[in-house]
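The structure appears right after this line, and notes come after that.
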Amino acid sequence: MIEPTTRSDPPHSPSRLRRRLRRGLLLLIGSLTIIGPWPIDDAIDAPTRRTIDRLASSNVELSQGPIRVGLAEVDLTPDSPRPLAGFIGQIRTPFSGIDTPCYARALTVESASGSVTILTADLLLINARMAEAVVEQAGLRPDQVYFTASHTHGGPGGWGEHPLEMLVAGAYDPAYFETLAGQLARVIRQSRAGLEPAELGFVQVQAPGRQRNRVDPSMPTHDALSGLVFRAPGSSSSTTPIAVLAVFGAHATISHPVPPRLGGDYPAAMVAELKRITGARSVLFASGAVGDASPERPKARSGRRSAEALGKALAGDLAAALPSIRFDPEPEVANLRLEVDLPPVRLPFFSSWLRFSPALTWWIADRRTHLHAIRLGPAVLVGFPGDYSGHLATALAGYTRESGLSSVATSFDGDFRGYLVSGDVFRRKSCYETRWMNFYGPGLGDTFNDLARRMFDRLAGNSPPPALASPDLGELGPRFGLATLLVTSLVVVRRRPDLAGLLRRSGRLTVGVALAASLAFVIDPGLVDWAEVGIPRWLQLAGLPVGGWAIVRAGRRGSGETALLLGAGCALLSSSWLVVLMVLRGWVVAGLSDDLVSMEPRTRAVESREAADHQS
């Protein structure tokens, strides 16, 4: 009796090998899609264009005349021990004692153009949610409060609910958040309650040897030590100042006792010493360009004594220059707060040319922040939303010096977007500041500096900067490439009806999503930034045409699995993730409809400005 035979693939048959290869390829594509690495794209043209367009249309009122100032101070020292913010090792352990109390101090400056309050606090930073709550409780507009902090790593924590904030500030405590927001709002209101006439003086000196470059020891440090001094009008050089605002850029990380103790580190010692030397009623400290600066620790028996020594040394450096200050009874004052559009999050993947997948990092931060600049006589304070670096501050100072004004950069202006470094440093140095704490890739630091220069020009009384030009040919390229794919796909499907079955069996959904994204780009490439994908421009332009060619080839041969996978992969890399990200971010319908409605008026406005600039 002859038994029926069953056909099975040999252990290493071509069909089984193809199945394994296909599964491995799908696993690889899935891991790359969800985790990465993806290429880093440092192009942020579209967000920058929108921001500069917003800056060009903003109103800046520059006034010159008498000013009035108001002061207030609130003790932020918690009533009971709680975790401190700054070091991961101390977020679970309540502080065991107090080295120095922590304070919030406010300085309000009123001129003919309005009033603005400079708020500084002995905190690690003031995040966006806290700043919003403070402004709301103070009953003010966001542009009326200029935020900064001493950046002490010994201040109270528990004020942040974002996972990254809880990593450095401890578990979120809603009750303490409300307490702290109320204290900061109260000190602002108090500083605005009693204003008195004042005249303004400014001094900026170099304090070499007080800090070191923590990113690249071979690079120089930004040693500027700045002081804004307010005194009663008509006073003599020996008159006691009303207030002093000191700005210096170095991390406040000297005093780090174990077990942890509450304290303001070297800024607290500097404030106390300046107050003793000058007799000023109030001395405020604002952290400057701290991103790449660590303090140079004087030798002492303990970290607390070392912090005291550095604070006193800096106070002496600034006090020595105070007699040379020239005071102006009628300084020029202006205030400008700029909403800034950001690129998508691009957390580096252990290198300067790779990043984690957007699916893994989209939650880290959103795409809107701000810059804040105040002109006070010869000084222009510029607040950055993060750890602003000294090499960027040096470049900004070189630009502003040409006009006879001085830039004073401060960090943590009511938001935190990681460490801000230049593209050159980002690519050259692999470290904590340029990898894990750099959220937006290599281009953001330079972009912030460019925006700060434009804001400086506005505050200096120069003409408004023009908006960026219309998209160039390189930006229009994707439209033609995607349109070509659409036309090609329609022709192929029409001529080859059997292609529909092939797509249905092996990737119709992927290609369909890619075509839907392509259609959105053909309507208006500006609806979604190419930067969302993070793919270099040459691959953006080549991916879909190559994918279209591969799909056509697969249709002609009937079973070209390799060609079909190539086509689907090119389409996936080039466009389909844009649609997925739009769904995740929750602005598909609203974003498309709003942009389609406003596209024509926005284009006409840009053309009108360009025509006016050309005529001028």
Side-chain angles (χ1 to χ4, degrees), residues 59-74 103-121 134-135 137-148 184-204 226-247 271 274-275 278-286 322 325-337 372-383 405-406 408 410 413-414 458-461:
N59 295 321
V60 178
E61 185 176 351
L62 180 63
S63 65
Q64 183 173 13
I67 62 172
R68 297 197 303 163
V69 298
L71 306 171
E73 181 179 284
V74 171
Y103 291 95
R105 298 179 176 93
L107 168 66
T108 295
V109 180
E110 182 186 71
S111 66
S113 59
S115 61
V116 61
T117 300
I118 300 172
L119 174 69
T120 182
V134 169
V135 170
Q137 293 186 32
L140 301 172
R141 302 187 310 270
D143 65 302
Q144 292 178 294
V145 182
Y146 182 99
F147 289 95
T148 184
L184 297 179
R186 184 168 72 253
V187 75
I188 292 175
R189 291 194 302 267
Q190 290 175 355
S191 72
R192 289 172 164 263
L195 302 176
E196 59 185 292
E199 57 184 19
L200 169 66
F202 171 73
V203 64
Q204 190 172 70
S226 305
L228 283 161
V229 184
F230 299 85
R231 72 180 188 185
S235 301
S236 65
S237 58
S238 60
T239 302
T240 299
I242 298 173
V244 178
L245 170 63
V247 180
V271 166
L274 270 176
K275 198 168 185 179
T278 64
R281 275 185 274 161
S282 181
V283 177
L284 300 84
F285 177 90
L322 294 182
I325 294 181
R326 297 180 60 183
F327 285 85
D328 187 352
E330 296 185 352
E332 291 182 299
V333 179
N335 180 24
L336 175 60
R337 189 179 190 272
H372 199 166
I374 307 173
R375 179 176 177 182
L376 295 172
V380 178
L381 276 68
V382 185
L405 302 179
S406 299
V408 181
T410 66
D413 182 31
R458 297 297 305 276
L459 296 178

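As the structure is a computational prediction, the values presented were derived from the model and not from experiment.
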Original post:
Does R189 use its side chain to pair, donor to acceptor, with the backbone of S191 at less than 3.5 Å?
Top reply: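 Absent.
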Between [X] and [Y], is any pair of side-chain heavy atoms under 4.5 Å apart?
X: L200; Y: V109; answer: no
X: H372; Y: N335; answer: yes
X: L107; Y: L71; answer: yes
X: D143; Y: V116; answer: no
X: T410; Y: Y146; answer: yes

Specify the closest pair of heavy atoms between [X] and [Y], including all atoms of both residues, with the distance to one decimal.
X: A198; Y: F230; value: CB-CB, 4.5 Å
X: L184; Y: L119; value: CB-CD2, 4.3 Å
X: S63; Y: S111; value: OG-OG, 3.4 Å
X: I325; Y: G201; value: CG2-CA, 3.4 Å
X: I118; Y: L284; value: O-CD2, 4.1 Å

Original post:
Picking from E110, R192, R68, what satisfies side-chain hydrogen bond (donor to acceptor under 3.5 Å, both in side chains) with S115?
Top reply: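 With S115 as partner, side-chain hydrogen bond (donor to acceptor under 3.5 Å, both in side chains) holds for just one option, R192.
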Original post:
Can you name the ring-ring contact (aromatic ring centres under 6.0 Å, His included) partners of F147, sequence neighbours left out?
Top reply: none
Subject >> Qualifying residue, where the test is side-chain contact (heavy atoms from CB on, under 4.5 Å) with L245 and the options are V283, T148, L228 >> reply: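 In the set V283, T148, L228, the residue that makes a side-chain contact (heavy atoms from CB on, under 4.5 Å) with L245 is L228.
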Original post:
Excluding sequence neighbours, so at least two apart, what forms side-chain hydrogen bond (donor to acceptor under 3.5 Å, both in side chains) with Q204?
Top reply: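 side-chain hydrogen bond (donor to acceptor under 3.5 Å, both in side chains) check on Q204 returns S226.
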